[in-house]
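Have a look at the structure below before the remarks.
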Amino acid sequence: KAKEAGRGTHAFFEDSMTLQLKQEMDIARELSQAIKQDELLIHYQPQFDLQEGRLVGMEALVRWRHPSRGLLYPGDFIAVAEKRGLIRGLSDWVLTDACRQSRAWAEQGLDFGRIAVNLCAHQVGDLAFGDRILEILRDTGALPGHLELEFTETVLIEATAQTQSDIVRLSELGVHFAIDDFGTGFSSLQYLRKFRTDKIKIDREFVKDVILDAGDAEIVKATIALGTALGLITVAEGVETEEQADFLRRHGCRQAQGYLYARPIPASDVEQRWLRLTSPAAAIA
Ligand code: C2E
Ligand code: MG
Ligand code: MG
Ligand code: MG
C-alpha cells in the first residue's frame with residue numbers, strides 16, 4: 001500500500017513537473033514573439049524628492065500585453081526569459097524604448113530627471129554590456145545623463161573586471177548607477193566604492209514595516225546614514241503611507257517611490273500629471 005502511495009506521489013510530481021516545464025516553454029515561445037510583435041510595454045513609476053516634493057525621475061518597469069492572458073507583470077516572465085536565453089532581446093527592447101522616450105521628452109524640453117532601467121546578471125555579465133548601452137544611446141539620441149541603470153548587490157558581487165571597467169566608462173559619460181533592493185543581498189560595502197554607484201534603493205521589505213518593526217526601522221536608519229556618509233542618494237521603495245514618508249524624511253532619506261505617490265503608469269500619464277505642470281512647485285506636497 002505504501003508502495004502504491006509512493007508511486008502515486010511520484011506520478012503526481014512528474015505530472016506537475018511536466019506541466020510546469022510545458023508552461024515555461026509556452027511562455028518562452030510566446031515571449032520571443034512578443035518582443036518582435038510589440039506586445040511589450042513600459043510603465044513608469046515616478047520618484048520624488050522627499051523634501052521638495054518635486055519629481056526627480058522614474059523607474060521603467062516592463063509589462064507584457066499578452067493576447068489571451070491580459071497584462072502580465074515581470075514576476076510572470078522575467079525568470080523564464082533569463083532561463084531560456086531571451087533576456088538579452090527583452091532588455092534591448094526595454095532599454096531602447098526607455099531611451100526613445102527619454103529623447104522625446106528631452107526634445108520637448110520636459111524635465112523628467114532620469115529614467116531608471118533594471119538590468120539582470122546575464123546582461124551585466126555580457127562582454128559587450130558597455131558597448132551595447134552606448135550603441136542604444138547613440139541610436140536613440142538619448143543623453144547618458146538621463147539614463148540610470150539599476151542592478152542588485154548580487155550582480156555586482158559576481159561582476160568581472162570587464163564589467164567593472166564598463167561601469168566606470170559609462171559613468172564617466174554621465175550614466176547613473178543605482179543599487180536595487182539594497183540590504184536584501186550579500187551586502188558588501190566594498191563595492192559601493194569600487195563601482196561608481198550614486199544611488200542606493202532601500203528595499204520595500206524594510207520600508208513596509210518601518211513604523212511597526214523596530215528592527216526594520218534601525219536597518220532603514222543605518223542605510224540612510226551609510227548612504228549619506230558615502231555621498232550617495234538614498235531612495236526608499238514601496239512607500240505606501242504618510243507615516244512611512246514622514247519617518248524617511250525625518251531620518252534624511254532623499255527620495256521616495258511607491259503607491260503613496262504613484263503606481264507604475266504609462267508614459268503619457270506621467271507626462272500629463274507631472275511633466276506638464278505650469279509651476280515646478282511640489283507635486284506631492
Ligand atoms: P524592482 O526593481 O524592485 O521594482 C519595484 C517593484 O515594486 C515593481 O514591481 C513595482 O510595481 C513595485 N512597487 C512599487 N511601489 C510599490 C508599493 O508602494 N507597494 C508595493 N506593494 N509594490 C510597489 P514590478 O513592476 O512587478 O517589478 C518587479 C521586478 O521585476 C522589479 O523589481 C525588477 O527587479 C524586475 N523588472 C521590472 N522590469 C524589468 C526589466 O525591464 N528588466 C529586468 N531585467 N527586470 C525587470
Ligand atoms: Mg528596480
Ligand atoms: Mg527595487
Ligand atoms: Mg524591490
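Whatever order the structure lists them in is the order used to number ligands and atoms, beginning at 1.
Residues that satisfy the salt bridge (Lys or Arg N to Asp or Glu O under 4.0 Å) test with Asp139, not counting sequence neighbours, are absent from this structure. Considering only residues two or more places apart in sequence or on other chains, Phe206 meets the ring-ring contact (aromatic ring centres under 6.0 Å, His included) condition with none of them.
Heavy-atom neighbours of Gln33 CD from other residues, nucleotides or ligands within 6.0 Å: above the threshold of 12. The number of heavy-atom neighbours closer than 6.0 Å to CZ of Arg88, taken from other residues, nucleotides and ligands shown, is 12 or below.
Shown in contact with Val94 at under 4.0 Å from a heavy atom are these atoms of ligand 1, numbered in order with element: 41 (O). Taking every non-hydrogen atom of Gly238 and a distance limit under 4.0 Å, the qualifying atoms of ligand 1 come out as 15 (N), 16 (C), 17 (C), 18 (O). Interface of Val239 with ligand 1, defined as ligand atoms under 4.0 Å from a residue heavy atom, comprises 18 (O). Listed by number with element, the atoms of ligand 1 under 4.0 angstrom from any heavy atom of Val62 are 38 (N), 39 (C), 40 (C), 41 (O). Under a 4.0 Å criterion applied to the non-hydrogen atoms of Glu237, ligand 1 contributes the atoms 3 (O). Listed by atom number, the atoms of ligand 1 under 4.0 Å from Gly258 heavy atoms are 15 (N), 18 (O). Near Asp180, with a cut-off below 4.0 Å to any heavy atom, the atoms of ligand 1 are 1 (P), 2 (O), 3 (O).
Contact analysis leaves Gln257 out of contact with ligand 1, as no non-hydrogen atom separation drops below 4.0 angstrom. At least one heavy atom of Gln123 sits under 4.0 Å from some atom of ligand 1. Heavy atoms of Pro264 approach ligand 1 to within less than 4.0 angstrom.
The shortest side-chain heavy-atom distance between Leu134 and Arg169 falls under the 4.5 Å cut-off. Contact of the Val62 side chain with the Phe77 side chain is registered, since non-hydrogen atoms from C-beta on lie closer than 4.5 Å. Side-chain atoms of Phe48 and Val239, non-hydrogen and from C-beta on, never get closer than 4.5 Å to each other.
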List the atom pairs, donor and acceptor, that lie under 3.5 Å between side-chain atoms in residues 207-216 and the rest of the protein, sequence neighbours left out.
unit_1	atom_1	unit_2	atom_2	d
Lys208	NZ	Glu205	OE1	3.4
Asp213	OD1	Gly215	N	2.8
Asp213	OD1	Asp216	N	3.1

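With hydrogens and angles left out, the side-chain atoms of Gln47 and Gln255 include no donor and acceptor closer than 3.5 Å. No side-chain N or O of Gln101 forms a donor-acceptor pair with one of Asp97 less than 3.5 Å apart.
Contacts between Asp181 and ligand 1, counted as non-hydrogen atom pairs separated by less than 4.0 Å, involve the side chain only. Contacts of Lys201 with ligand 1, taken as heavy-atom pairs under 4.0 Å, are absent altogether. At a heavy-atom distance under 4.0 Å, no atom of Val117 approaches ligand 1.
Checked by atom type and distance alone, the side chain of Thr152 never pairs as donor or acceptor with a backbone atom of Asp180 at under 3.5 Å.
Note on Glu218 versus Lys221: salt bridge recorded, some NZ/NE/NH1/NH2 to OD/OE distance being below 4.0 Å. Arg138 has no carboxylate O lying under 4.0 Å from a charged side-chain N of Glu135, or vice versa, which leaves the two without a salt bridge. For Arg250 and Asp246, the salt-bridge test fails: no basic side-chain N is under 4.0 Å from an acidic carboxylate O.
Considering backbone and side-chain atoms together, Tyr73 places no N or O closer than 3.5 Å to any N or O of ligand 1. Residue contacts with ligand 1: Leu90 is placed with no nitrogen or oxygen under 3.5 Å of a nitrogen or oxygen of the ligand (distance criterion only).
Looking at Glu59, Gln45, His43 and measuring to atom 4 (O) of ligand 1, the nearest heavy atom belongs to Glu59. Between the choices Arg63, Glu240, Glu82, the shortest heavy-atom distance to atom 21 (N) of ligand 1 belongs to Glu240.
Of all protein atoms, those of element N, O or S that lie under 2.8 Å from the Mg ion (ligand 2) number 4.
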